[in-house]
There are 2 protein chains.
Amino acid sequence: MSTRSRILRLSRYKNAAIRLKSLNFVKVFSDNLGDATGVTASQVRKDFSIFGISGNRRGGYQVDELLVQLNKVLGKDKPQKFIVVGVGNLGRALINYPGFGKSEIRIVAGFDIDPAKYNRKADAPILPIDELAGFAKANEVELAIIAVPDFAAQGVFEKLIKAGIKGVLNFAPIRLKSDDNVTVHNLNLETEFENLIYFVNTKTSPTE
Amino acid sequence: MSTRSRILRLSRYKNAAIRLKSLNFVKVFSDNLGDATGVTASQVRKDFSIFGISGNRRGGYQVDELLVQLNKVLGKDKPQKFIVVGVGNLGRALINYPGFGKSEIRIVAGFDIDPAKYNRKADAPILPIDELAGFAKANEVELAIIAVPDFAAQGVFEKLIKAGIKGVLNFAPIRLKSDDNVTVHNLNLETEFENLIYFVNTKTSPTE
DNA sequence: TTTATTTTGTGATTTTATTCACGAAAAAAC
DNA sequence: GTTTTTTCGTGAATAAAATCACAAAATAAA
Ligand SMILES: NC(=O)c1ccc[n+]([C@@H]2O[C@H](COP(=O)([O-])OP(=O)(O)OC[C@H]3O[C@@H](n4cnc5c(N)ncnc54)[C@H](O)[C@@H]3O)[C@@H](O)[C@H]2O)c1
Ligand SMILES: NC(=O)c1ccc[n+]([C@@H]2O[C@H](COP(=O)([O-])OP(=O)(O)OC[C@H]3O[C@@H](n4cnc5c(N)ncnc54)[C@H](O)[C@@H]3O)[C@@H](O)[C@H]2O)c1
């Protein structure tokens, strides 16, 4: 019923709806959302139908109402707290990114092993890794981002599990395995680069 | 024949093969690669079969030979030059990432509108955006990364097209459209966060 | 009010992707 | 040298995803 790509599409519909709302749309049609996200109108309707999101025949979807429903499905009707482990180039970019603020994503702390990174005064404090479990429990955080080097990722993952973390977004280029207790999404940027390279090379290749 | 997710899998097989090679494996089986990447062995063999990558019955695949073939399919048998537009938090993280060096991905320059970012002396110089077209043509770069704020992304995209860029990896949270001349991969990190939130929330939800 | 038009919602159909299953080849064991 | 074991390669079968197509509802027009 709920596959990864279907949920990714719902997020995109939500983003498209936000954009259309900012252009003063009051209602949108499946056709608009399809155009904005690059899928067919019936794909949009089928996705909505599966989550019980309904509109009005001939009237489309009320943007405000649609956003409420999408946010509800996506679990974004309440703030979601994340911690970041590894405050290097990437970790810092995520912590400093103000765009998450607009959404309900809150990065509440960073953890590192390098004392030079510590900063207890920042909005999202940067703390020693030893304080991870205590912080996560005290603040009821169950989502984490791994942004440490590949060789450190498995160890950090195990610490996160012990700290009661339930979901991990892993940027290190190794595959961490999900299990019943912890959902892991591995996001390998290098793989995304390679994918682009492939499609550019095959399209421009003079042999076809 | 060649779909996006199939190519993503090939990249993962390649990464797995590199890791197994570093563990002194000389040959690998479809079963090993499946385990390492989270797919079935027959998926691995089918993917290989589609690209004419073959091994030996009972002997599996010679790691070195496999890597040569995978790199060839993926277009990674030669260095691939990228430029980054927008040298902010994310752009800087990408430019400074040494991990791309090991692979054949080379970020050869950054471009920005903020003079405070310029630095002609760096290995990958940071240059004014006006020099983009000249640089891209002089250095035969056809791949680019967009790491500017959302409102600037469409404008930058059009400049990249004029500069003869053929492939774009877009980190700004708006959907840029590919056409026959330019391949675009939109990578929305917020969407990835939302996806994780959904799966964690639905799994831990006490209602099911 | 009646008729025409538009757009949803969803089963039926088609397309695409994955897995199954087994013959053939290669290596190992006997 | 023969038999057994293992693993590939791939066509056939199954499963999953996307699209089609159309009745039903809602609105607008007449
Ligand atoms: N920067 C990029 O653009 C980029 C691109 C692709 C992939 N990645 C991946 O993302 C991850 C982070 O990359 P980065 O460029 O930010 O690396 P980085 O080296 O800049 O930062 C890593 C940080 O992790 C900290 N660290 C190391 N071991 C730790 C541990 N055991 N516990 C807590 N903290 C620890 C280090 O002190 C450092 O601050 C890496 O796995 C990298 O391969 C990064
Ligand atoms: N930082 C993150 O973790 C993160 C997370 C999700 C999405 N993103 C997206 O990635 C993009 C970059 O994010 P960031 O945090 O690095 O932003 P940033 O504000 O730190 O940097 C943006 C850079 O782009 C430059 N710029 C602005 N307009 C430009 C133009 N027309 N031409 C050239 N350069 C221009 C700015 O001078 C700045 O250096 C944004 O679209 C953001 O939404 C970032």
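Given the structure is predicted, the values throughout are model-derived calculations rather than measurements. Within every chain, numbering begins at 1; the chains are lettered A, B, ... in the order of the sequence lines, protein sequences first and strands thereafter.
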What is the separation between atom CD1 on B/I50 and atom P on D/dG9, rounded to the nearest whole Å?
13 Å
Between C/dT18 and B/R9, is there an OP1 or OP2 to side-chain N/O distance shorter than 4.0 Å?
yes
Over how many whole Å does the gap from A/R6 atom CZ to D/dT19 atom P extend?
11 Å
Under 4.0 Å between a side-chain N/O of B/S30 and OP1 or OP2 of D/dT7, yes or no?
no
In whole angstroms, how far is the P atom of D/dT10 from the CD1 atom of B/I53?
13 Å
Closest-nucleotide ordering on DNA chain D, the 5'-leading residue of B/D31 and A/Q43:
B/D31
So what does A/Y61 hit on the nucleic acid, given a heavy-atom distance under 4.0 Å: a base, only sugar-phosphate, or nothing?
sugar-phosphate
Under-4.0 Å side-chain N/O to phosphate OP1/OP2 contact, B/S49 with D/dG9:
no
Which residue lies toward the 5' end of DNA chain D, A/D47 or A/G59, if each is placed at its nearest nucleotide?
A/D47
In the structure I gave you, are the side-chain heavy atoms of B/L33 and B/L20 within less than 4.5 Å of one another anywhere?
yes
Send over the distance from A/Q62 CD to C/dT7 P, rounded to a whole Å.
14 Å
Side chains of A/F51 and A/R6: closer than 4.5 Å at any heavy-atom pair?
yes
As an exercise, state the distance from CG of A/L10 to CG of B/N195, rounded to the nearest 0.5 Å.
9.5 Å
Would you say that A/F29 contacts A/V44 through its side chain, given a criterion of any heavy-atom pair below 4.5 Å between the two side chains?
no
Of the options D/dT19, D/dG9, D/dT6, whose atoms approach the side-chain atoms of B/R58 most closely?
D/dT6
Report the distance from atom CG of B/L8 to atom P of C/dA17, rounded to the nearest whole Å.
13 Å
Calculate the interatomic distance between B/F51 atom CZ and D/dG9 atom C1'; express it in whole Å.
16 Å
Select base, sugar-phosphate, or nothing to describe what B/S42 touches, counting heavy atoms under 4.0 Å on all strands.
base
Start with the C-alpha distance between B/E190 and A/K76, add both sets of side-chain angles, then the distance that settles salt bridge (Lys or Arg N to Asp or Glu O under 4.0 Å), and finish with yes or no.
CA-CA 12 Å; B/E190 193 181 319; A/K76 297 200 73 201; 3.8 Å; yes
May I ask you to verify whether the side chain of A/R57 and the base of C/dT8 hold a donor-acceptor pair under 3.5 Å?
yes
Please report the distance, rounded to the nearest Å, between CZ in B/F29 and P in C/dA26.
15 Å
In this structure, how many angstroms lie between the P atom of C/dT18 and the CZ atom of B/R45, rounded?
15 Å
Quick one: does A/K46 reach the base of D/dT19 with a side-chain donor-acceptor pair under 3.5 Å?
yes
